[in-house]
Chemist: 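Okay, handing you the structure first.
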Protein chains: 2
Amino acid sequence: MVGIVDVAKKANVSTATVSRVLTKPETVRETTTEKVLKAIEALNYQPNLLARQLRRLETNTILVVVPDITNPFFSKVLRGIEAVAVANGYQVLLGDTGNDVEREKGYLNILQQKKADGMVLLTARMDAAAVEEVARCFPVVLACEYIEGSRIPTVSIDNISGARKAAEYLIDLGHVRIGCITGPLDIVLSRDRLKGFYQAMARKNLIVDPVLVQEGDFSFDSGFNLMMKFFALGQLPTAIFAASDDMAMGVIKAIKSKGLKVPEDISVLGFDNLKFSSIFEPGLTTIAQPAFEIGEKAMELLMKLINKEEVKREQIILADQLVVRESVRTI
Amino acid sequence: MVGIVDVAKKANVSTATVSRVLTKPETVRETTTEKVLKAIEALNYQPNLLARQLRRLETNTILVVVPDITNPFFSKVLRGIEAVAVANGYQVLLGDTGNDVEREKGYLNILQQKKADGMVLLTARMDAAAVEEVARCFPVVLACEYIEGSRIPTVSIDNISGARKAAEYLIDLGHVRIGCITGPLDIVLSRDRLKGFYQAMARKNLIVDPVLVQEGDFSFDSGFNLMMKFFALGQLPTAIFAASDDMAMGVIKAIKSKGLKVPEDISVLGFDNLKFSSIFEPGLTTIAQPAFEIGEKAMELLMKLINKEEVKREQIILADQLVVRESVRTI
DNA sequence: GACAATTTTGTAATCGATTACAATCCAAGT
DNA sequence: ACTTGGATTGTAATCGATTACAAAATTGTC
């Protein structure tokens, strides 16, 4: 493999000069620069970034930890992150945890091992203390999720108000007996959406039947199964708020499988606004999260941390939006 | 930051010994090992992987170049890759090209720059010669796509026979006037699927109306628009073979928008078998690609290349499968 | 207890760049 | 011609680990 010394030799200059041509061209005389560039060209030299990074103590790489890259919501956030990263000359190391807390923990080491300059977490199921500890020493930002009582910079929507908005919409349309299918309750964000649901019900003086609140795992299947459970229990609400579009679609499939119709017989409202939510029939009424923008903002925040710039607002809340389609009707 | 010398000092041994404890524990005496581990523990030492990698000239990282991570098909392949990668102690650097050939080229350098030990390309739109050149010096495998006439190891399905199978299925069901919506024809794989379509038509002695062959870009929108074009031209086939499920769904949406029904009025057959294809209504009849497995196999192949093991079969063809649902009917 | 064989540990070179500091060059000013 | 100061260039230290080789320690044998 051709190294900087080969180039230096060929161009008849020192390695320092070659290095300077590559990194601070303004400090070397034009004629020399040309000689060096010619040599680089001739030898097809590519600098070994490992060496540079070791010397500079920076990798120009950031780590993104995702619970499941297969989930279109997360992949869209990731794309937002990636866009800003490459624009700043950074590369993205991908950490898919497959929803496994242990693997999630494992990725924390990567920063200490200097394989990345910073990281954005799209999941924070693990030990909050461990994350805090790492965040004290390295640039870390949370996206989508957050850690209660932590000062780690965060980008997300306001899940409580988003869910409240969703539930109030149902209530305002005359629904009284409303079911809620939540995400896994060991995740803050799931608890927040549930909390928003409760708040809306309380504000409008409606009681929530505990049987109609069921814990899912954000997946299509869990939505389907929990709806079937409602049927089995003979406890039918007139509307259901599902904490993810995936689950909402599962719910609708279940309803259809029983020969009922959405929204005529039961209304369903989701959360996320995936691309498929508009293709699905009926079109899903849902709370839209600006996935791509969450990613962008998170990465911008991370860049600031890495560059040790001042970060004023540490918790960025982006606007969510109720997207009305056809899966909810007036009672 | 605490380095190996700090540990060595604390444990009262040389840096060599510390290093050995970490990498070849069997060569150091038990009591020493303990001392060292205690020091490591006490100082919370984490080795700087950059330094190790520079010395060893390996990164334990592989690069995956994807045209669009947001596409669920690719993210599933990626997941297969990732699974095998972590199982082998490798990390995944993500390169999303956003379907941009220039960015695709840019990623080729990463290997020469020693930021990754190998790469798997899920897209190969760029200059074949450039890829070949890199592949001559570094471990590279292609997944899904391939380069004509190249000996670069490849994992994919047989797109020609897959498409032929699809078209023959339609023909056997009595369809004669069949439309085909292809992927971008600058991609081999799109051309292959089109070729398979032609082969099937020829074998059964059917003529294909050139108006009914239109070039899409794999997206939902292009499927929708091209179907609308068929309507506008007044050229309706009884069945359409779309080269991706996304496009197939677009086609179906367009058909529905005209008040017609699938499969009653027009049959539609897709390609990929995305998760949504079974949720969509009507359930999509489609050619299933083993996305996760393609990723796994590709990464296994790459591991072999990296470890300089013998690679016997360089072109791995995985089995595709016709999945029959409700979007196609007998004429 | 002496010696050889073996195990364990230490010293210092090394990976391939960057960069502090020193040396050299060159043009302008006197 | 001789300084002088800024622009260029070179020398060698450095980043933080690994590892070849040498040295020291241990074990076994007679």
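Note: hydrogens, waters and symmetry copies are ignored here, and every other heavy atom, side chains too, is used.
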Chemist: For A/V5 and for A/R20, find the nucleotide of DNA chain C with the closest heavy atom, then tell me which residue's nucleotide is more 5'.
Modeler: A/V5

Chemist: With salt bridge (charged side-chain N to carboxylate O under 4.0 Å, His left out) as the rule and sequence neighbours excluded, what pairs involving residues 119-140 of chain B come up?
Modeler: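 Listed once each, the pairs are B/E133-B/R136.
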
Chemist: Surrounding NZ of A/K115 (heavy atoms of other residues, nucleotides or ligands, distance under 6.0 Å), is the total greater than 12?
Modeler: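 Atom NZ in A/K115 is crowded, with more than 12 foreign heavy atoms closer than 6.0 Å.
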
Chemist: Distance alone, cut at 3.5 Å: any donor-acceptor contact between the side chains of B/E104 and B/T123?
Modeler: yes

Chemist: Surrounding CD of A/E41 (heavy atoms of other residues, nucleotides or ligands, distance under 6.0 Å), is the total greater than 12?
Modeler: no

Chemist: Search all heavy atoms of A/L302 against all heavy atoms of A/G118 and return the closest pair with its distance.
Modeler: CD2-C, 4.1 Å

Chemist: Check each residue of residues 36-53 of chain A for a non-hydrogen atom within less than 4.0 Å of any atom in DNA chain D, then write out the ones that pass by number, or none.
Modeler: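 When residues 36-53 of chain A is checked for heavy atoms under 4.0 Å from DNA chain D, there are no hits whatsoever.
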
Chemist: Starting at atom CD1 of B/I4, determine the distance to atom P of D/dC15, rounded to an integer number of angstrom.
Modeler: 14 Å

Chemist: In whole angstroms, how far is the P atom of C/dT7 from the NZ atom of B/K24?
Modeler: 16 Å

Chemist: Looking at D/dC15, I'd like to know if its phosphate oxygens (OP1 or OP2) sit under 4.0 Å from a side-chain N or O belonging to A/K114.
Modeler: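 The answer is no; no side-chain N or O of A/K114 sits under 4.0 Å from OP1 or OP2.
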
Chemist: Can you identify which nucleotide, out of D/dT9, C/dT18, C/dT9, has its nearest atom closest to the A/S19 side chain?
Modeler: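 Closest of the options to the side chain of A/S19: C/dT18.
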
Chemist: May I have the distance from A/Q113 (atom CD) to D/dC15 (atom P), rounded to whole angstrom?
Modeler: 20 Å

Chemist: Looking at C/dC26, D/dT26, C/dT18, which one has an atom nearest to any side-chain atom of B/R29?
Modeler: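 Closest nucleotide among those given: D/dT26.
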
Chemist: In whole angstrom, give the distance that lies between atom CD of B/E26 and atom C1' of C/dT6.
Modeler: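 Whole-Å distance recorded here is 16 Å.
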
Chemist: How about B/Y146 and B/D192: does a side-chain donor come under 3.5 Å of a side-chain acceptor?
Modeler: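 There is such a pair between these side chains.
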
Chemist: State whether a side-chain donor-acceptor pair under 3.5 Å links A/Q53 with A/T59.
Modeler: no

Chemist: Looking at B/R55 and C/dG16, is any side-chain donor or acceptor paired with a base atom of the opposite kind under 3.5 Å?
Modeler: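 Result: no qualifying N/O pair found.
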
Chemist: Measure the distance from NZ on B/K115 to P on C/dA17 and round it to the nearest whole Å.
Modeler: 15 Å

Chemist: Rounded off to whole Å, could you give me the CD-to-P distance for the B/Q112 and C/dG16 pair?
Modeler: 15 Å

Chemist: May I have the distance from A/D6 (atom CG) to C/dC15 (atom C1'), rounded to whole angstrom?
Modeler: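 Answer to the nearest Å: 14 Å.
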
Chemist: Hey, is the side chain of A/T32 poking within less than 4.0 Å of OP1 or OP2 on D/dT9, counting only N and O atoms?
Modeler: yes

Chemist: Starting at CE of B/M1 and ending at C1' of D/dG16, how long is that distance when rounded to a whole Å?
Modeler: 12 Å

Chemist: Which part of the nucleic acid, if any, lies within reach of B/V13 when heavy atoms closer than 4.0 Å are counted: base, sugar-phosphate only, or nothing?
Modeler: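 Sugar-phosphate, no base atom in range.
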
Chemist: Would you mind classifying the nucleic acid contact of A/L57 as base, sugar-phosphate or nothing, using non-hydrogen atoms under 4.0 angstrom?
Modeler: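 Result for A/L57 = sugar-phosphate.
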
Chemist: Mind checking if A/T17 touches a base, just sugar-phosphate, or nothing, with heavy atoms under 4.0 Å?
Modeler: sugar-phosphate

Chemist: Just checking, is any N or O donor in the side chain of A/Q91 or A/N60 under 3.5 Å from an acceptor N or O on the other one?
Modeler: no

Chemist: For D/dT19, take OP1 and OP2 only and decide whether either is under 4.0 Å from a side-chain N or O of B/R56.
Modeler: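 Affirmative; the distance criterion is met.
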
